[in-house]
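Here is the structure we will look at.
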Amino acid sequence: MSNHSKERSIIEHASRRSFLGFSSAALATAAFAGLTASAQEKASTQKAEHDHSSSDPGQENKPLLAENPNSNTPPPTDHGELVPIWYSFDLVKKRVEEGGWTHEVTQAVLPSSKDIAGVNMRLTAGSYREMHWHTADEWAYVLYGNARITVMNPDGTMFIGDVSEGDLWIFPAGYPHSIQGLGPDGTEFLLVFNQGNFSEDGTMLLSEWVAHTPPEVLAKNTGLDPSVFSKTPGAPLYIFPGSLPKSLERDKAEIGGEIVASKYQYTFHLKSMEPTKSGKGGEVRIVDSRNFPSSKHIAAALVTIKPGGMRELHWHPTASEWQFYIAGKGRMTVFFPVDNARTMDFNANDVGYVPASAPHYIENTGDTDLVLLETMPSEKFSDVSLNQWLRRVPSEMLKAHLNIDKVMAMKIPAEKLVVI
Ligand code: MN
Ligand code: MN
């Protein structure tokens with residue numbers, strides 16, 4: 001954004017301010033005039049756009065404001081309060097170790113998201129995220145570079161695979177796994193867990209378990225001499241540097257080849273798959289248990305919204321939605337009864353949350369593609385389209401509810417377009 005247009009957007013933003021300042025007066029006037037409070041608020045906000053009411057001579061955090069104009073001064077259709085629907089990875093501390101870093105957006109900072117937590121992690125080339133497991137399923141999307149993953153099934157068969165930007169993996173709860181950054185510059189990825197209070201700091205680490213088991217027990221279990229275990233690390237490894245692995249073929253052969261190979265596939269090429277749906281406004285790629293059977297509890301959509309395009313008005317019948325914004329700028333309004341609607345702005349590295357069944361849209365407010373992941377703790381990705389519903393009810397019914405006649409109704413798209 002140029003300085004000039006940034007200034008203009010701050011000014012535009014300021015000129016729409018004031019609606020909060022008017023609301024108490026609006027309530028009194030509304031009671032007197034017999035108007036609803038929200039109608040009065042809307043009228044007041046629109047009036048204030050043209051006078052001095054919206055000026056803000058005090059302090060402003062201008063860079064933050066420039067990125068979040070709708071969050072600060074919502075459209076007049078907003079009302080009431082909603083659970084938190086926004087957070088950003090750029091507000092949570094990084095745990096930096098030799099070999100990479102990690103940080104997380106969990107219920108601790110986004111308390112409304114009870115079903116999903118997210119982790120963002122970087123591993124330099126050769127570095128490991130230590131062999132470990134945990135009580136939640138782990139769904140991952142590669143944001144940058146290349147990585148090698150391993151996961152063992154309880155029957156002892158092993159999956160080893162390489163992933164690149166736009167690929168994903170799933171590790172079922174309790175299955176032991178590892179991640180390693182590959183060349184030339186390692187990897188960065190997003191992890192999604194189907195537990196809102198999940199913390200990447202609370203996983204079961206191989207090194208920690210070994211450190212808390214008597215050496216004579218480890219010796220008895222492995223058949224090795226107890227002295228071997230005096231050389232194992234006394235502190236957790238978590239993220240640590242390593243050498244680049246051999247080729248995938250050599251690693252697979254070394255552990256026993258086809259006989260020990262997993263029958264299940266744990267990686268998926270999401271970004272390079274054919275769009276599930278595409279149109280002038282953008283495209284969507286949906287991945288769930290129907291096209292990726294190993295992912296039984298987490299479904300997702302990779303959504304691209306072109307400038308001027310919009311993720312249509314919709315909701316998800318049973319599952320809450322946890323979003324990660326990959327690129328571009330957008331705004332989302334979430335409605336929730338009684339009489340609550342909240343609009344927030346979203347930029348790359350931000351997280352969005354939508355309660356189950358709460359209707360919403362996402363609009364591209366920038367001049368580049370808006371790209372985001374919609375994830376949900378669910379076997380199948382499922383959404384209900386407002387347009388489709390309006391077109392499926394008899395025209396008399398639609399006229400009675402919204403005063404839209406049949407001629408007009410026929411212009412509404414009859415099919416779910418996802419992005420319009
Ligand atoms: Mn893990
Ligand atoms: Mn949605």
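Counting starts at 1 for both ligands and their atoms, in listed order.
A side-chain N or O of S71 and one of D345 form a donor-acceptor pair less than 3.5 Å apart.
Rounding to 10 degrees, one finds that the Mn ion (ligand 1) sits at the corner of an angle of 110° between H132 NE2 and H134 NE2.
The existence of a salt bridge linking R129 and E200 is confirmed by a sub-4.0 Å separation between a basic side-chain nitrogen and an acidic carboxylate oxygen. The residues K271 and D167 are annotated as not salt-bridged, no charged nitrogen and carboxylate oxygen being separated by less than 4.0 angstrom.
By the 30° and 60° cut-offs, the orientation of the rings of W315 relative to W389 is perpendicular.
Around the Mn ion (ligand 2), protein N, O or S atoms at a distance under 2.8 Å total 4; waters are neither shown nor counted.
Backbone or side-chain N, O or S atoms of E200 do not reach the Mn ion (ligand 1) at under 2.8 Å.
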Discussion item. Go through it in stages, so that I can follow the logic: the residues are H360 and H316, the test is side-chain contact (heavy atoms from CB on, under 4.5 Å), and I'd like the CA-CA distance, side-chain angles, deciding distance and then a yes or no.
Written reply: CA-CA 9 Å; H360 54 285; H316 307 276; 3.4 Å; yes

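Closest N/O/S atom of E138 to the Mn ion (ligand 1): OE1.
S289 is not listed as a side-chain neighbour of S295, based on a closest heavy-atom distance of 4.5 Å or more.
Heavy atoms from other residues, nucleotides or ligands lying under 6.0 Å from NZ of K306 number 12 at most.
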